[in-house]
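Scroll down for the structure; my scribbles are underneath it.
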Amino acid sequence: MEIERKWMVEGWPYPELPLLFEQEMRQGYISLVPTVRIREESMVGGGTEYVLCIKSPGLLARQEIEINLEKETFDHLEELIGLPLIPKTRRTYQLPDGLHLEVSHVDQGLPDEFWYAEVEYPTVKQATSWNPASVGLSAYLDDEVTSQPGQSMGAYWQKTRMKESEN
């Protein structure tokens, strides 16, 4: 079960937080309902993983299955998709309460580029009761979009990639 909240943000977090790791990613979608996504995850200074992810519908909580792929399988699926994958840089930070803040910069340098942040929780109760002010991030995390339809990466894919294939 994936339980997470999402905010639109500007830039990397302030005040500065301890950086756990940074990843360069590329992701694309085979299906939007249910969500079936492939993603290449390259750890800065480390290795690369290739993942197939299947997610049920939902906003705050949803089922998620992740399966590691061989690079060759990933490459075949990317070719099958036939559209440019979405690049993003994700930094994962340690929060004072033990949770992690993941901040992503999407499509850097392109007209549609944007930033978003997510916090994943162990329970729905903790997710709904958690307040960004408790970790000093009320100003940074002031634009929550968790419950707003159309704010997923799948919706962004449809808006920016699938429209290209229709032309």
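Because the structure is predicted, anything quoted here is derived from the model rather than measured. Counting begins at 1 with the first residue of the sequence.
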Note to self: Assess, by modelled atom type and distance only, whether the side chains of Glu24 and Ser42 contain a donor and an acceptor separated by less than 3.5 Å.
What the structure shows: no
Notebook entry, point to check: Can Glu120 and His100 be counted as having a side-chain donor-acceptor contact under 3.5 angstrom?
Noted result: no
Item checked: Glu2/Lys55 ion pair, N-O < 4.0 Å -> yes
Notebook entry, point to check: Side-chain heavy atoms under 4.5 angstrom apart, residues restricted to Ile, Leu, Val, Met, Phe, Trp, Tyr: same cluster for Leu77 and Ile65?
Noted result: yes
Notebook entry, point to check: Going only through I, L, V, M, F, W and Y residues with side-chain contacts under 4.5 Å, is there a path from Leu110 to Trp115?
Noted result: no
Checklist line | Flag, side chain of Arg161 to backbone of Pro84, donor-acceptor distance under 3.5 Å | finding: yes
Checklist line | Non-neighbouring partners of Thr128 that pass side chain to side chain contact (heavy atoms under 4.5 Å, CB included), sequence neighbours left out | finding: Leu60, Val124
Got [X] and [Y] here, is their nearest side-chain heavy-atom distance under 4.5 Å?
{"X": "Asn68", "Y": "Glu49", "result": "yes"}
{"X": "Val106", "Y": "Tyr116", "result": "yes"}
{"X": "Val119", "Y": "Trp7", "result": "yes"}
{"X": "Phe21", "Y": "Gln23", "result": "yes"}
{"X": "Tyr156", "Y": "Asp112", "result": "yes"}
{"X": "Thr35", "Y": "Ile54", "result": "no"}
{"X": "Val9", "Y": "Val103", "result": "yes"}
{"X": "Gln27", "Y": "Leu85", "result": "no"}

Check: For the residue pair Ala117 and Leu141, what are the closest heavy atoms and their distance?
Finding: CB-CD2, 3.9 Å
Euclidean distance, [Y] [atom2] relative to [X] [atom1], rounded to 0.5 Å:
{"X": "Lys6", "Y": "Ser152", "atom1": "NZ", "atom2": "OG", "value": "6.5 Å"}
{"X": "Glu4", "Y": "Tyr121", "atom1": "CD", "atom2": "OH", "value": "9.5 Å"}
{"X": "Asn131", "Y": "Ser138", "atom1": "CG", "atom2": "OG", "value": "7.5 Å"}

Item checked: Stepwise side chain to side chain contact (heavy atoms under 4.5 Å, CB included) check, Leu69 with Val51 -> CA-CA 5 Å; Leu69 301 173; Val51 180; over 6 Å; no
Next item on the list: Kindly determine whether Glu64 and Met1 satisfy side chain to side chain contact (heavy atoms under 4.5 Å, CB included), including the steps that lead there.
Entry: CA-CA 6 Å; Glu64 177 181 62; Met1 177 73 68; over 6 Å; no
Notebook entry, point to check: Tyr29 vs Trp157 aromatic rings, parallel, tilted or perpendicular, using cut-offs 30° and 60°?
Noted result: tilted
Next item on the list: Measure up the Tyr50 and Phe74 rings against each other and bin them: parallel (under 30°), tilted (30 to 60°), perpendicular (over 60°).
Entry: tilted
Notebook entry, point to check: Taking it one step at a time, do Gln94 and Leu17 satisfy side chain to side chain contact (heavy atoms under 4.5 Å, CB included)?
Noted result: CA-CA 7 Å; Gln94 181 69 56; Leu17 298 166; over 6 Å; no
Notebook entry, point to check: Which residue pairs pass the side-chain hydrogen bond (donor to acceptor under 3.5 Å, both in side chains) test with at least one member in residues 71-87, sequence neighbours excluded?
Noted result: Arg26-Glu78, Lys71-Asp75
Margin query: Tell me whether the NZ or CZ atom of Arg5 lies within the 45° cone about the ring axis of Trp130 and under 6.0 Å from its centre.
Written below: no
